[in-house]
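What follows is a single structure, written as structure tokens, with notes after it.
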Amino acid sequence: MTDRYLSVARTGVHEIEIKRSRFLCALAPVSSEAAAREFIAGRRRADPGARHHCHAFVLGPDGRIQRSSDDGEPAGTAGTPMLEVLRRRELTDTVAVVTRYFGGVLLGAGGLIRAYGQSVSDALEVVGVLEHRRLSLVEVSVSYDRAGRLENDLRASPYHLHATRFDARAHFEIGLAPGEAPAFESWLADLTNGEAATTALGDHWVVHRH
């Protein structure tokens, strides 16, 4: 079972032009093969005049499901380099569709491979990537006279401050990676003279933008 994976941050489209051919890369986060194929079909409907709608997608926290299609381009020149970009960036639960409008200049196999790979790579820079981490959440409760310093120290620490809540006491939800709990408990006890109360909240997926 994986404790970390990356996915595209949102649905988005980015266009590049190479030797008068237009390459429109559409990216989307998806959680199933059916959702990926519906997105691909939607891109075909959105650009019915394009000659090619090549795609690649990776699914599952472990990236086990991987599919790609050259959609009429020479074999291995479109879907494979698109998939390779997703794999190299360690992305999953992500679909990429590159729609090509031919500009009249032949790019050759090497040119196509570079163009389709660049189209996905450039689009990822624009759309962004999210990191999903499985963390054990712990709620720390302290009196208000310790809350300010604790919050500052938490934000400066390697531990993930997930949420804060203030009522009769100050509450901080902290996300701990596997194996971090003993060091965190020792750190917290030193910082608060053992006055902090902790409650385990179980494992949760926590999302960070890369």
Side-chain angles (χ1 to χ4, degrees), residues 1-12 14 25 27-33 35-36 39 56-66 83-96 120-210:
M1 180 183 297
T2 184
D3 291 311
R4 173 188 177 274
Y5 69 92
L6 302 175
S7 71
V8 68
R10 60 179 175 85
T11 300
H14 180 66
C25 179
L27 295 166
V30 288
S31 57
S32 68
E33 186 158 350
F39 183 76
F57 59 85
V58 183
L59 297 170
D62 56 1
R64 184 174 301 173
I65 298 173
Q66 302 181 6
L83 182 62
E84 186 56 33
V85 172
L86 298 181
R87 290 169 54 185
R88 189 169 66 244
R89 294 287 296 270
E90 299 182 332
L91 289 163
T92 188
D93 285 359
T94 296
V95 58
V120 176
S121 183
D122 287 2
L124 285 170
E125 294 303 318
V126 172
V127 173
V129 170
L130 296 179
E131 180 185 35
H132 304 255
R133 297 177 66 198
R134 187 198 304 273
L135 300 178
S136 297
L137 287 188
V138 176
E139 184 177 81
V140 176
S141 171
V142 294
S143 60
Y144 276 94
D145 62 341
R146 294 194 179 278
R149 182 189 172 191
L150 177 58
E151 182 171 6
N152 287 338
D153 286 349
L154 281 168
R155 293 190 185 281
S157 77
Y159 307 114
H160 175 69
L161 179 56
H162 180 59
T164 59
R165 178 170 55 88
F166 300 96
D167 45 39
R169 288 165 66 84
H171 304 267
F172 304 96
E173 284 186 15
I174 316 301
L176 301 176
E180 277 189 335
F184 172 74
E185 289 167 5
S186 175
W187 177 85
L188 181 66
D190 288 344
L191 197 66
T192 64
N193 290 330
E195 292 182 14
T198 60
T199 305
L201 302 177
D203 287 353
H204 294 260
W205 284 103
V206 177
V207 179
H208 305 258
R209 187 175 180 90
H210 258 219

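Excluded from the calculations below are hydrogen atoms, water molecules and symmetry mates; all remaining heavy atoms, backbone and side chain alike, are included.
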> By ring-ring contact (aromatic ring centres under 6.0 Å, His included), which residues pair with Phe39, not counting sequence neighbours?
Replying inline: none
> Can you name the nearest heavy-atom pair linking His132 to Leu130, along with the distance?
Replying inline: CD2-O, 3.8 Å
> Of all heavy-atom pairs between Ser136 and Asp203, which one has the smallest distance, and what is that distance?
Replying inline: OG-OD1, 2.8 Å
> Donor-acceptor pair, Thr94 side chain versus Thr92 backbone, under 3.5 Å?
Replying inline: yes
> Could you give the distance from CZ (Phe57) to CG (Leu86), rounded to the nearest 0.5 Å?
Replying inline: 11.0 Å
> Do His160 and Leu135 have side-chain heavy atoms sitting under 4.5 Å apart?
Replying inline: yes
>> Using 0.5 Å steps for rounding, measure from the CZ atom of Arg165 to the CD atom of Glu139.
In response: 4.5 Å
> Considering residues at least two apart in sequence or located in another chain, which fulfil the ring-ring contact (aromatic ring centres under 6.0 Å, His included) criterion with His171?
Replying inline: none
> What do the steps show when you test Leu59 against Glu33 for side-chain contact (heavy atoms from CB on, under 4.5 Å), and what is the final call?
Replying inline: CA-CA 7 Å; Leu59 297 170; Glu33 186 158 350; 3.9 Å; yes
>> Please give me the minimum heavy-atom distance between Pro61 and Tyr5, naming the atom from each residue.
In response: O-CB, 3.7 Å
> Ignoring hydrogens and geometry, is there a side-chain-to-backbone donor-acceptor pair from Asp93 to Gly60 under 3.5 Å?
Replying inline: yes
> Would you say Asn193's side chain and Glu195's backbone share a donor-acceptor pair under 3.5 angstrom?
Replying inline: no
> So, for Arg169 and Ser141, which heavy atoms are closest and what is the spacing to 0.1 Å?
Replying inline: NE-OG, 2.7 Å
> Heavy atoms, side chains only, cut-off 4.5 Å: are Val120 and Glu84 in contact?
Replying inline: no
> Picking from Leu176, Val138, Leu188, what satisfies side-chain contact (heavy atoms from CB on, under 4.5 Å) with Tyr159?
Replying inline: Leu176
> What is the distance from atom CG of Leu154 to atom CZ of Arg149, rounded to the nearest 0.5 Å?
Replying inline: 11.0 Å
> How far apart are the C-alpha atoms of Ile174 and Leu161, what are their side-chain angles, what is the distance that settles it, and do they pass the side-chain contact (heavy atoms from CB on, under 4.5 Å) test?
Replying inline: CA-CA 5 Å; Ile174 316 301; Leu161 179 56; 3.7 Å; yes
>> Nearest 0.5 Å, please: how far is CG in Leu124 from CG in Leu6?
In response: 10.5 Å
> Taking all atoms of both residues into account, what is the closest heavy-atom pair of Ala28 and Thr11, and its distance?
Replying inline: CB-OG1, 3.6 Å
> Please walk me through it: do Leu91 and Val58 pass side-chain contact (heavy atoms from CB on, under 4.5 Å)?
Replying inline: CA-CA 7 Å; Leu91 289 163; Val58 183; over 6 Å; no
> How far does CH2 of Trp205 sit from CG of Leu137, to the nearest 0.5 angstrom?
Replying inline: 12.5 Å
> If you look at every heavy atom in Arg10 and Val126, which pair is closest and at what distance?
Replying inline: NH2-O, 3.6 Å
> Can you say whether the rings of Phe166 and Phe172 are parallel (under 30°), tilted (30 to 60°) or perpendicular (over 60°)?
Replying inline: perpendicular
> Under the side-chain contact (heavy atoms from CB on, under 4.5 Å) criterion, do Val127 and His14 qualify, and how do the steps go?
Replying inline: CA-CA 8 Å; Val127 173; His14 180 66; 5.8 Å; no
> Say you draw a straight line from CG of Leu150 to CG of Asp145; how long is it, rounded to the nearest 0.5 Å?
Replying inline: 11.0 Å
